[in-house]
Protein chains: 2
Amino acid sequence: MSRIRVDMTMSLDGYVTGPADGPDAPLGTGGFRLFNWLDKRNDPGPSGEVFAEAMATRALISGRRTYELAGHWGGDHHNGVPILVLTREVPDEAPPGTVRFVTDVAECAALARAAVGDGVAMVHGAGAAQALLRAGEVDELDLHVVPVLLGRGRRLFDHLTAEQVEHVELQLIRQVRTREVDDPGQHVLHLRYKTMPG
Amino acid sequence: MSRIRVDMTMSLDGYVTGPADGPDAPLGTGGFRLFNWLDKRNDPGPSGEVFAEAMATRALISGRRTYELAGHWGGDHHNGVPILVLTREVPDEAPPGTVRFVTDVAECAALARAAVGDGVAMVHGAGAAQALLRAGEVDELDLHVVPVLLGRGRRLFDHLTAEQVEHVELQLIRQVRTREVDDPGQHVLHLRYKTMPG
């Protein structure tokens with residue numbers, strides 16, 4: 001059975017970017033701190049294993065904002081898997097690589113599920129994650145919780161006032177953390193939750 | 001050395017109450033879900049151990065709102081330890097039991113540290129936690145993360161825009177979760193962080 005898995009790095013206080021994010025500072029002030037753990041993404045150990053799983057997903061769903069800030073990933077996020085970009089307005093120019101623009105959340109989820117078969121579609125971007133949560137289309141959440149308080153910025157869990165997410169039960173199915181390493185910047189707690197049938 | 005430890009239960013999306021909290025619904029709509037894990041507070045196991053540690057703290061700092069909603073704990077939260085209530089306005093009536101009202105955050109922290117010696121003062125309430133974080137007076141955070149999304153409510157991490165908390169480094173010093181139990185309502189992940197010298 002297909003699974004749609006939100007995959008996001010956030011601070012302990014729930015931010016996925018620092019304040020004042022934009023084209024010149026995609027992660028906002030101080031936000032790069034969140035991605036230090038990815039320095040270890042190709043090493044053995046928990047962070048390497050978690051990253052390898054992300055790279056084994058068979059489709060990517062991204063918000064338009066994340067897509068733009070990431071420079072469209074050159075049209076190939078990893079292994080040429082389909083990239084579905086949720087957007088309000090489809091741009092005129094042809095999308096690069098495997099990118100397809102989708103305006104409807106349900107259609108986006110259906111396309112992703114069809115693309116991955118019994119595999120996993122990964123979701124990047126707070127906007128896309130929120131849209132899919134509101135639509136009840138999220139099966140799993142991979143949260144990489146970085147031990148820092150940013151105080152301000154863009155929250156992962158926000159704008160979730162629709163009925164569907166006013167009370168979503170989850171089950172923690174994995175918790176792994178980096179081993180003690182000299183650089184506190186590498187510390188991260190990887191949590192995986194699955195959503196329970198409502 | 002004394003430690004000031006925030007001790008709060010929150011949903012995975014960071015809420016410590018559901019929406020519309022008030023005297024008639026202290027935890028807001030759906031918020032009682034957060035405290036199901038306390039059903040196991042006197043049992044052996046992770047939740048029992050964590051709760052016993054909280055009850056071994058030597059002082060309590062509480063926000064005024066929490067204090068009022070909790071019915072003042074009858075003037076004794078546990079073991080007759082000092083209760084310091086942070087408030088903007090000291091009420092006219094004499095406080096019950098070991099309660100003392102304090103209007104200044106730094107004074108509150110100093111009183112708590114003096115009271116606990118080399119022990120721990122526990123902080124209850126998002127407002128008090130935020131005030132102490134802004135003042136740089138939090139040494140540890142015990143977060144009991146309940147696997148539920150509430151979508152709305154009162155956030156633990158909010159109103160933290162002061163310089164002091166725009167980038168606070170933490171270290172995860174404990175993570176324990178409840179063993180698999182039949183009732184998903186008992187599931188909780190207990191995290192303890194300590195703040196790193198800035």
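On a predicted model such as this, the values are computed, not experimentally measured, just so you know. Every chain is numbered from 1 and lettered A, B, ... according to where its sequence line falls, protein lines coming before strand lines.
You'll find the side chain of B:Leu191 stays beyond 4.5 Å of the side chain of A:Val145, heavy atoms only. Between B:Leu149 and A:Tyr193 there is no side-chain heavy-atom pair separated by less than 4.5 Å.
B:Leu132 and B:Leu160 fall within a single hydrophobic cluster, where Ile, Leu, Val, Met, Phe, Trp and Tyr are joined by side-chain heavy atoms under 4.5 Å apart, directly or via other members. Linking ILVMFWY residues whenever their side-chain heavy atoms come closer than 4.5 Å, directly or via other members, leaves B:Val81 and B:Tyr67 in distinct clusters. Linking ILVMFWY side-chain heavy atoms closer than 4.5 Å, directly or via other members, places A:Val105 and A:Val6 in a single hydrophobic cluster. B:Leu143 and A:Leu141 fall within a single hydrophobic cluster, where Ile, Leu, Val, Met, Phe, Trp and Tyr side chains are chained together by heavy-atom contacts under 4.5 Å. Connection of B:Val123 to B:Met8 is established within a shared hydrophobic cluster, with ILVMFWY side chains joined at heavy-atom distances below 4.5 Å, either directly or through further cluster members.
The shortest non-hydrogen separation linking A:Leu172 to B:Arg177 is O-NH1, 3.2 Å. Scanning both residues, B:Tyr15 and A:Phe157, for their nearest heavy atoms gives OH-O, 4.5 Å.
Contacts with chain A (heavy atom to heavy atom, under 4.5 Å) involve these residues of residues 19-44 of chain B, listed by number: B:Gly30, B:Arg33.
With a 4.5 Å cut-off on non-hydrogen atoms, A:Leu12 touches chain B through its backbone and its side chain both.
The CG atom of A:Leu133 sits 9.0 Å away from the CG atom of B:Asp13 when rounded to the nearest 0.5 Å.
Put simply, of B:Asp158, B:Val146, B:Leu156, B:Thr195, the one with the most heavy-atom pairs under 4.5 Å next to chain A is B:Asp158. In terms of heavy-atom pairs under 4.5 Å with chain A, the best-connected choice from B:Arg155, B:Gln175, B:Met10, B:Glu169 is B:Arg155.
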